[in-house]
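I have placed the structure first, in the form of structure tokens, so that the comments after it can refer back to it.
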Amino acid sequence: MRTEPVADFAGLPDHAFDHRVVTWWGTLAFMALEGMGFVLSYGVFLYIMWLNPQWPVGFPPQPLFWSTVFTAVMVLSLVPNWLVMQRTKAKDNASLRWLLVLMSTISLVLLVIRWFEFTALTLRWDTNVYGSVVWVLLGLHTLHLATEATDNIVMTALYFTGHVPEKRFTDADENAMYWVFVVVGWLPLYGLIYFAPRLGSG
Amino acid sequence: MRRLLLAGLVALSLAACEREDREYRPDPIVTETPQKIALTTLSPGDTPPITDLSDMGAQYTANAYHVSQGKKWFSAFNCNGCHSNGGGGSGPPLMDDKWSYGGKIENIAQSIREGRPNGMPSWRGKITDEQIWELAAFVLSMSGNVTSDVANGRNDDMAGKPPENMTPQQPPQPGGQVPKSAESPQ
Amino acid sequence: MSWPEALDPKGPEADAVAGLIWSFTGLCAFIWVLVMVALAVALIRRHRQSEDPLAVTIGEERRVEWIVGGLAVLTGLIVIGLTFISYGAQARIFGLGGGDVAIDVIGHQWWWEVRYPSDTASATVVTANELHVPVGKLVRLRLTSTDVIHSFWVPSLIGKADLIPGRTNTLAFTADRPGVYAGQCAEFCGLQHTHMGIRVIAEDDADFTAWKAGQVAAAHEPATPAQAAGKAAFLSNPCVSCHAIRGTTAGGTLGPDLTHLASRTTIAAGTAELTRGTLAAWIADPQGMKPGTNMPTMKLSAADLNTLVDYLMGLK
Amino acid sequence: MTLQGFTSAQANTDRGPRDIGQPIEEVRARLSQTWASQGGLWGWLTTVDHKIIGRRYIITAFVFLLLGGVLAAVMRAQLARPESGLISPDLYNQLFTMHGTTMMFLFAVPVMEAFAVYLVPLMVGTRNIAFPRLNAFSFYVYLFGGLMIWIAFALNIGPDIGWFAYVPLAGPEFSPGKRADIWAQMITFTEVAALATSVEIVVTVFKQRAPGMTLDRIPLFVWTQVVTAFMVIFAMPAVMTSSTLLILDRLVGTHFYNPAEGGDALLWQHLFWFFGHPEVYIIFIPATGMVSEIITTFTRRPVFGYLFLVLALIAVGFLSFGLWVHHMFVTGIAELGASYFTASSMLIAVPNGIQIFCWIATLWGGRPKFKTPLLFVIGFLIIFVLGGLTGVMLASVPLDTQVHDSYFVVAHFHYVLIGGAVFPLLGGVYYWFPKLTGRMLSERLGQWNFALAFVGFNVAFFPMHILGLAGMPRRIYTYPEASGWGTLNMIASIGAVVFALSFVLFLWNVMASLKRGAVAGDNPWDAPTLEWATTSPPPPQNFDRVPIVTSRYPLWRHPDTLPVGTGLALDTREIVLTTVVEGRADVRVTSPNPDIWPFITAVVVGVTFIGSIFNGWVALVGLVPIGIGLIGWGWPSGSVEDES
């Protein structure tokens, strides 16, 4: 089929931020499907709560200390994360390096806190359905946190090994956006696992 | 390339592990599997006691269907009445590594068939030979001596001890504590 | 060839559902024919074809747009109408309170335990695989299961309801004509889901109370020496570990209660009609008739087998 | 119409020489070289070309269709006569579970996504799918999942719990051994593959449409694939959650489905069917896209009610999430809940009805050419409308109590799945085969194929309606002589043989036409959409120059010369990203080169999934190699893009 040129794309920019690039949409899509997975896990928790009149089943609600520390650090981590987002737009390589190191250490610290949170639990996953649902939901989020921690560390490594073309700022920005999703994914879980038993029939 | 694939598939199908076959009917159907077992390692002279074991035991401990049926009979025939879920009660515990009458599956099958002093009834004639083997295979799995991918998962009942596929293996040791009923005057 | 059971109702509830099936089928068939006629005409009519595929007469498009819009609204109305017809039938079937006869049906892997509860323990009827119900009375079933999910379905009388472990479902129906109505487990429940039949025997009040009285009595004592030998054979073989015969020392609860086995018309949950021959074949080799069933294959001597069958056939 | 030209002020040359005014032959030669995949096994494993991966997906899905069909034939042989001892119950349970699982998870969803992977980039006018390495990864994961379950079936470890594996039968106590675990893990494989593919399709259609392709110029097939992709994104996590909870219950003793410890058997049914019903629409909606394209081409006129059809698609997409409980009407759920789901289940008949009316209106307004693709569409219309109406019947609670889990339901879902998806799919194969292979399928064989399929299907499945009403439950391996179901089952089995013959004929037609079929040329059907603007089969870069879209039917609007855009790099893989709504050219980005990491990661993911069935620790330990695979995948590979 014969063709007739009517436009020229040479002048288009070769990188951009946010919704103008495919990786942003890809991250959003993965956040959607993982978000759906989280929403379903909340649904499973609520279904089991509704099913067992005496909730939590046979055990007192789980201890608050480590989980609250975890949540606090999670919420605080949004501040450096927000800074990362700003610095990526400004393409400020120098400050981005330290911010990414900070984010990586925060995510490792969070993993350690989560380990203590697991050890503080008063029941096992095979004790009863309350134990099962607490362990599986915490496990799900820990997996989510671990993958994001790896992402942070890899991103920091990229920034320190000089692989920083224009595109890398977009990647760092999207990685920070994903971190917000990890934090937002945790808050309802925290409420469900630790507070719902205390508010309900208890 | 295609020949390689074909050979691979054939090899795989030959290794059709029998671990999942549903053998409904024992082959042959016998009232009792003939076997000679030794309860102790002591024997006159320097030769160990003569034992003549059939290969039935290995067949049952490698088949998930039989072990699962064993678990069903364990509660159906009220074994848990005396042994509870393996922790023991008036009967000795079955999930530890101490075996009064030998820890091999043939010994356990013989204990079920013959019965043992201090309260273990003889099940000969009360349950079929196949059921005795299935029960023995299940009892072996209670102490983790059946590979975890054949052993049972949890039951749809109240959770007691961890299920058999999560029980660490405890190689059988001779000797078990004397049951309470034995201490009372005979 | 009689009508399929679901369209040959033998009770008011089944009648309501059969009426619903006929009305829905009629309406849907009519709609299907209309759509097929429209399709046929659309395919056959010689529509003049302009050379440029994009040239479409706006007037005709607008007219067809109104037709399609109208049809869409019509579909919506039909669907809403059908919904309310369904609600009507639903109210008539599920709205039934109380019940003259209460029966507990407990699902096992591959047979039905049937109990007629009563205040005094000795008056409780325990049977299997067959329900006797009085004609014209509302029967309320309480359904639960001890192992996996089964589904109680006798199409001539009522739609199905699941038997789910950990839950109790209820199902109410009335049989308004005496007769034997067959059904089968409708939820896949394992190896022998196929042979998990159920029979509902509707009979008038007198027969029902007579049957019930018969069921409550203890097992008939052996009348002949052969039956006595059969009883001895029963008590000395693995049968006692699973089955119970009230009036003897056999008290196993894993298998069906055999106290009045001979009063039932089938064995092994509808696998075969109960006769001396099928009972002997079943005991000799249950895996032959129902491979995978929990009844083991026992090695019985011919004498034991014959006397055992004599004894069991005496348990009217 | 002149599109707004771009001043090449900032014509950065970091990506090498650009296509500015060179002759088209030179541009084609250099682009073919840039976009080509390497040869041999290495090339086979590292390719990221959506056409190569799409063709593999289609062939693998059709292999699974044939395997599933063989299982169905064996089942029909067993059910042809009462009390037949051909197949033991254990084998029959594995047969019908493998038939259902293969057809639903290994054939139906993947084949529709395979057509999307192959055709959507071509129809939206771009050079490769978004995230092509993820595309390669998703195919390998799907392939490993399919191989795992079929090898397990060959080793007598095939699942025997039904394709929806109700608990507690599929639970730890009543499913000894590894059969249910293999099924649950296979779900994880296929869902990871489906989710990955859906993300690619959504992003491809949102960001990589040809400049000028506004939302109302997107071909209907592409619209159906976007709606399906969204449904996959929101439905598949439900079955992944339920199958993960099942495997946890079976292997590490959690109590999600254990009523004695607070769990519930119905939790499984809610989670599964929340995915289950959108799943069947995920299979059906792409088929409606194929029907729309075929009807448009073979009546040579724009489809009637394009807007109606798109809105109907979106309505079906949303409504399908609101009616899953009609699978659970007999489980004794609260009556009020059941009544809501009767209404929502009935309501979805309206958008489906609108689609049917629009298609018939299109046929009404044009002169249809009765080629094989259109025959299959007509077959679809006849069968699907009947299946849809029995669906409306099933939506009523009291009616459902009589026919649920009976052969009436078996007849219903075969009418809507085979009629609704396989017939349009066969039409789609006849329609797009020339584009994939450059050769036409034989019309004579095609019409025989349709005739046998239509007759065989109806003879096989219509009697099942009556069997269902006669009380024949699903999934029984035999039935007593006295039941009276013998004759109808024999008729059904004969129909199944005829239906199977039609697939043998189809296979023969495909095999024969690959070598001796008539040469197809670029646009054998004179179709309007962009995939027919390039050669058959398309070159690695799809389009020498990115087309500029000015109408919903580009090739009918510009029959002889297609407006295109120049200025993309010749020696690096470059594509144009456009804005989501207006489709205005926005950014030039590179598309990834062939890469081995997706294959390595897929192998490691596969080994971890399979290993975790046999030992729980493998699931945790396996995360490290998976992490390494992903890092290797994401690490800049020294291409121009990453090193500047």
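The model shown is predicted, which means the values in this text are computed figures rather than measured ones. Labels below follow one simple rule: chain letters A, B, ... track the order of the sequence lines, proteins then strands, and each chain is numbered from 1.
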State whether the side chain of D:T296 and the backbone N or O of D:P302 hold a donor-acceptor pair below 3.5 Å, judged by distance alone.
-> no
Tell me, for C:I93 versus chain D, whether the close heavy atoms (under 4.5 Å) come from the side chain, the backbone, both or neither.
-> side chain
Chain C heavy atoms under 4.5 Å from D:D400: which part of the residue, side chain, backbone, both or neither?
-> backbone
Basic-acidic side-chain contact under 4.0 Å: C:K10, C:D15 = no
Using a cut-off of under 4.5 Å on heavy-atom pairs, state which of C:G166, C:A29, C:A14, C:C28 scores highest against chain D.
-> C:C28
Can a salt bridge be assigned to the pair D:R557 and C:D52 using a cut-off of 4.0 Å between side-chain N and carboxylate O?
-> no
Go through the atoms of C:E13 and report whether side chain, backbone, both or neither lie under 4.5 Å from a heavy atom of chain D.
-> neither
C:Q184, part contacting chain D, at a heavy-atom distance under 4.5 Å | side chain
Side chain, backbone, both or neither of D:F370 within contact of chain C (heavy atoms, under 4.5 Å) | side chain
Among C:M36, C:E5, C:R45, which residue forms the greatest number of heavy-atom pairs with chain D at distances under 4.5 Å?
-> C:R45
Counting only heavy atoms closer than 4.5 Å, note whether C:T170 contacts chain D via side chain, backbone, both or neither.
-> neither
Under 4.5 Å to a heavy atom of chain C? For D:F308 that would be side chain
So what's closer than 4.5 Å to chain D heavy atoms on C:R92: side chain, backbone, both or neither?
-> neither
Among C:D147, C:L82, C:T75, the residue with the most heavy-atom pairs under 4.5 Å to chain D is C:D147
Measuring heavy-atom distances to chain C, does D:F298 have an atom under 4.5 Å in its side chain, in its backbone, in both, or in neither?
-> neither
Please answer whether the main-chain N or O of C:A268 pairs with a side-chain N or O of C:T271 as donor and acceptor at a distance below 3.5 Å.
-> yes
Interface moiety of C:I158 toward chain D, non-hydrogen atoms closer than 4.5 Å | backbone
Please walk me through it: do D:D90 and D:R179 pass salt bridge (Lys or Arg N to Asp or Glu O under 4.0 Å)?
-> CA-CA 12 Å; D:D90 180 41; D:R179 293 179 168 185; 2.8 Å; yes
Structural part of C:W153 lying under 4.5 Å from a heavy atom of chain D | side chain
For the pair C:T293 (side chain) and C:K290 (backbone), establish whether a donor and an acceptor sit closer than 3.5 Å, ignoring hydrogens and angles.
-> no
Where on C:Y87 is there a heavy atom nearer than 4.5 Å to chain D: the side chain, the backbone, both, or neither?
-> side chain
So, the part of D:T299 with a heavy atom under 4.5 Å from chain C: the answer is backbone
Which atoms of C:E187 come close to chain D, meaning under 4.5 Å heavy atom to heavy atom: side chain ones, backbone ones, both, or neither?
-> both
Below 4.5 Å from any heavy atom of chain D, which atoms of C:V64 appear? Answer side chain, backbone, both or neither.
-> both
Max heavy-atom pair count under 4.5 Å with chain D, selected residue of C:P165, C:A89, C:S156 | C:P165
What part of D:F96 gets closer than 4.5 Å to chain C, counting heavy atoms only: side chain, backbone, both or neither?
-> side chain
C:D162 (side chain) donor-acceptor with C:I164 (main chain) under 3.5 angstrom = no
D:D405 and C:K160 ion-paired at < 4.0 Å | no
Contact origin within C:V79 toward chain D - heavy atom pairs under 4.5 Å = both
If one checks every heavy atom of D:Y477 against chain C at 4.5 Å, the contacting part turns out to be both
Got C:L20 and C:I85 here, is their nearest side-chain heavy-atom distance under 4.5 Å?
-> yes
Cut-off 4.5 Å, heavy atoms of chain C, and the answer for D:Q269 is side chain
With only heavy atoms counted, which part of D:A343 is less than 4.5 Å from chain C, the side chain, the backbone, both or neither?
-> both
Hey, is the main chain of C:E273 close enough, under 3.5 Å, to the side chain of C:T278 for a donor-acceptor pair?
-> yes
Contact winner vs chain D - C:V35, C:L163, C:L171, heavy-atom pairs under 4.5 Å | C:V35
